[in-house]
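Right, one structure below, let's go through it.
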Amino acid sequence: MAHERKCSDSSTTRRALLAATGVGAATALAGCSGGNSSQTTVRMRTSTSGTTAYGANQGLAGAINDQTDDLFVEAKTSQGTEANIGALQSEDAEMVYIQNWSAYDVQQGNDPFGELDFEMTQVFHYYDLPWFFITDNTDLETLSDIGPSTAVSPTPSGSGTAPALEKALGYATDDYERVSVGYSGQGNAMNENQLDVGVGTLMNFVSNPSWLQEIASTVDLKVLDVEDSTAQAWTDDERLLTQSVETDQIDGADTPGEIPAPTFAYNFVSRGDLDYDTVYAFLEAMHEQKDELADFHALLETFAEDSFWVKNMYDGVPFHPAAADFYEELGVWSEDFERADE
């Protein structure tokens with residue numbers, strides 16, 4: 001599909017003013033600045049270095065950098081979605097991924113997002129993660145078996161998933177010892193008796209992340225079952241999105257089969273004032289590589305379908321104007337979506 005790159009009046013004026021002061025070259029894009037070939041850097045933040053999310057973002061960055069000379073995309077690590085939103089606030093990143101729980105808090109102005117000085121806008125859907133709890137403790141069978149002396153890491157402290165999984169866990173048990181262990185470090189922590197219960201996920205409900213495979217190869221991994229009363233409480237909580245996941249797909253693990261799981265939709269977002277041309281050029285270059293993205297990372301295979309780019313978008317969070325134009329031209333825009341003001 002051919003796209004006509006659009007240059008908004010506001011971004012063109014801003015580049016002209018910056019150029020007049022001698023600092024505008026780094027923000028100019030070829031085709032919108034009289035042929036200036038300077039690169040624009042797009043810093044993207046996902047999660048910690050051992051995660052599939054970060055590895056896939058490295059692949060995405062490589063694909064776009066191979067496609068265009070206008071942009072340089074840099075995949076950067078992060079401690080989680082709360083830190084990612086902070087990076088947008090401090091302008092230390094151009095695009096970051098978050099999930100629906102954090103998106104709701106930003107929209108509502110809930111702590112710790114009550115003092116943000118920018119409008120958050122959506123750019124594209126990344127993937128979906130159903131979460132479940134894992135252990136190597138033979139005394140634990142269900143979440144309700146967790147007690148005050150059980151060391152539990154419902155994702156690392158500060159991650160965007162932590163508040164939601166802590167809330168979900170609270171429906172199953174009254175108390176536990178909260179510890180914080182990185183995803184890829186859970187196996188070692190279990191072996192060293194520093195962790196009783198951790199977490200696992202299946203990317204887009206089917207793909208085993210590498211860190212989960214590593215845990216299954218180092219401990220006698222078990223997926224904890226969920227009692228009906230806990231599952232019903234999750235369903236009744238409007239803040240929790242619960243979907244079924246088939247845990248038998250996890251190689252080398254003792255699993256209860258299909259269980260309910262708190263699920264998160266991960267999307268990349270940006271500041272609303274991120275340069276229009278940068279966002280459009282990013283999406284254009286990414287789309288031109290859509291059939292080759294899986295060669296850079298298997299998780300990116302889902303982008304071959306145009307509809308996936310706008311799957312599970314957040315209610316009440318507008319699209320960046322450039323993304324809105326891009327998806328309208330792509331034919332996947334919905335009348336239920338909202339476009340941010342330019």
Side-chain angles (χ1 to χ4, degrees), residues 44-47 53 56-57 60 78 80-89 93-131 155 159-165 167-168 201 203-205 234-235 237-243 261-274 276 279-280 282-283 286 299 302-303 305-328 330 332-342:
M44 302 180 72
R45 291 181 183 262
T46 50
S47 188
N57 194 36
L60 179 61
S78 171
T81 56
E82 287 188 12
N84 287 344
I85 294 171
L88 290 184
Q89 171 81 354
E94 281 66 51
M95 293 185 195
V96 303
Y97 92 158
I98 64 170
Q99 31 69 7
N100 45 288
W101 181 275
S102 295
Y104 179 89
D105 282 336
V106 171
Q107 181 188 9
Q108 298 297 317
N110 296 337
D111 289 337
F113 308 121
E115 302 297 328
L116 299 181
D117 62 5
F118 66 92
E119 179 182 30
M120 186 176 72
T121 55
Q122 301 189 86
V123 182
F124 65 96
H125 178 59
Y126 196 36
Y127 58 78
D128 298 294
L129 291 184
W131 288 95
T155 71
S159 75
T161 54
L165 292 184
K167 185 173 186 180
T201 189
M203 316 286 284
N204 289 325
F205 293 90
W234 289 354
T235 300
D237 190 324
E238 64 179 8
R239 287 224 57 191
L240 294 176
L241 171 63
T242 305
Q243 298 184 354
T263 302
F264 300 87
Y266 285 77
N267 299 338
F268 270 96
V269 299
S270 72
R271 294 174 64 103
D273 57 7
L274 180 60
Y276 179 103
V279 176
Y280 196 95
F282 175 97
L283 291 172
M286 182 176 166
L299 181 66
T302 48
F303 287 99
E305 295 294 331
D306 290 345
S307 60
F308 182 82
W309 295 54
V310 291
K311 178 186 175 186
N312 288 338
M313 306 308 287
Y314 307 138
D315 293 337
V317 179
F319 281 72
H320 190 282
D325 285 345
F326 184 84
Y327 295 130
E328 284 182 352
L330 200 60
V332 296
W333 182 258
S334 169
E335 61 181 13
D336 295 330
F337 295 158
E338 178 184 351
R339 174 192 174 103
D341 294 332
E342 294 191 53

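In this structure, the side chain of Asn204 engages the main chain of Asp128 through a donor-acceptor pair within 3.5 Å. The backbone N or O of His320 lies less than 3.5 Å from no partner atom in the side chain of Tyr276, so there is not a single donor-acceptor pair. Between the side chain of Glu94 and the backbone N or O of Leu274 there is no donor-acceptor pair closer than 3.5 Å. A donor-acceptor pair under 3.5 Å is absent between the side-chain atoms of Asn100 and the main chain of Tyr314, judged by distance alone. Between the side chain of Ser159 and the backbone N or O of Gly80, no donor-acceptor pair lies under 3.5 Å. Formation of a donor-acceptor pair under 3.5 Å by the Thr201 side chain with backbone atoms of Pro130 is found in this model. Side-chain N or O atoms of Asn267 include one that pairs as donor or acceptor with a backbone N or O of Asn312 at under 3.5 Å. Distance alone, capped at 3.5 Å, is enough to place a donor-acceptor pair between the Gln99 side chain and the Ser102 backbone. Between the Ser270 side chain and the Met95 main chain, no donor and acceptor come within less than 3.5 Å of each other.
A pairwise comparison of heavy atoms in Gln89 and Glu115 identifies NE2-O, 3.5 Å as the closest pair. Pairing each heavy atom of Ala56 with each of Tyr126, the nearest pair is CB-OH, 3.2 Å. For Pro321 against Arg339, the heavy-atom pair with the smallest separation is O-NH1, 3.4 Å. Scanning all heavy atoms of the two residues, the minimum distance from Asp105 to Arg239 falls at OD1-NH1, 3.0 Å. When all heavy atoms of Pro262 and Trp234 are compared, the pair lying nearest together is CD-CZ3, 3.6 Å. Of all the heavy atoms in Val332 and Val310, the pair that sits closest is O-CG2, 3.7 Å.
When side chains are defined from C-beta on, Trp101 counts as touching Leu240, because their heavy atoms get closer than 4.5 Å. With contacts defined as side-chain heavy-atom distances shorter than 4.5 Å, the pair Leu129/Tyr266 qualifies. Using a 4.5 Å cut-off on side-chain heavy atoms (C-beta onward), Leu88 and Asn84 make no contact. Looking at Ser334 and Met313, their side chains never come closer than 4.5 Å, going by heavy atoms from C-beta outward. In this structure the side chain of Arg271 reaches within 4.5 angstrom of the side chain of Asp117, judged on heavy atoms. Between Phe264 and Leu241 there is no side-chain heavy-atom pair separated by less than 4.5 Å.
Atom CZ of Phe308 sits about 3.5 Å away from atom OG1 of Thr302, to the nearest 0.5 Å. Here CE of Met44 is found 12.5 Å from OG of Ser78. Values are rounded to the nearest 0.5 Å.
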Let's go through Arg45 and Asn57 carefully: what are the C-alpha distance in whole Å and the side-chain angles of both, what is the deciding distance for side-chain contact (heavy atoms from CB on, under 4.5 Å) to 0.1 Å, and is it a yes or a no?
CA-CA 8 Å; Arg45 291 181 183 262; Asn57 194 36; over 6 Å; no
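A search for side chain to side chain donor-acceptor pair (under 3.5 Å) contacts involving Asp237 returns Lys167, Tyr171, not counting sequence neighbours. Residues that satisfy the ring pair (Phe, Tyr, Trp, His ring centres under 6.0 Å) test with Trp333, not counting sequence neighbours, are Phe319, Phe337. In this structure, Phe113 has no ring pair (Phe, Tyr, Trp, His ring centres under 6.0 Å) partners at least two apart in sequence or on a different chain.
By the 6.0 Å contact criterion, CG on Asn110 is enclosed, its count of non-hydrogen atoms from other residues, nucleotides or ligands being greater than 12. Around CD of Gln107, the count of heavy atoms belonging to other residues, nucleotides or ligands within 6.0 Å exceeds 12.
Residue Pro318 forms a side chain to side chain contact (heavy atoms under 4.5 Å, CB included) with just one option from Glu119, Gln122, Met120, and that option is Glu119.
Ring planes of Phe303 and Trp309: perpendicular class, angle over 60° (limits at 30 and 60°). Ring-plane geometry between Phe124 and Phe268 is classed as parallel, the angle between the planes falling under 30 degrees on a 0 to 90 degree scale with a further cut at 60.
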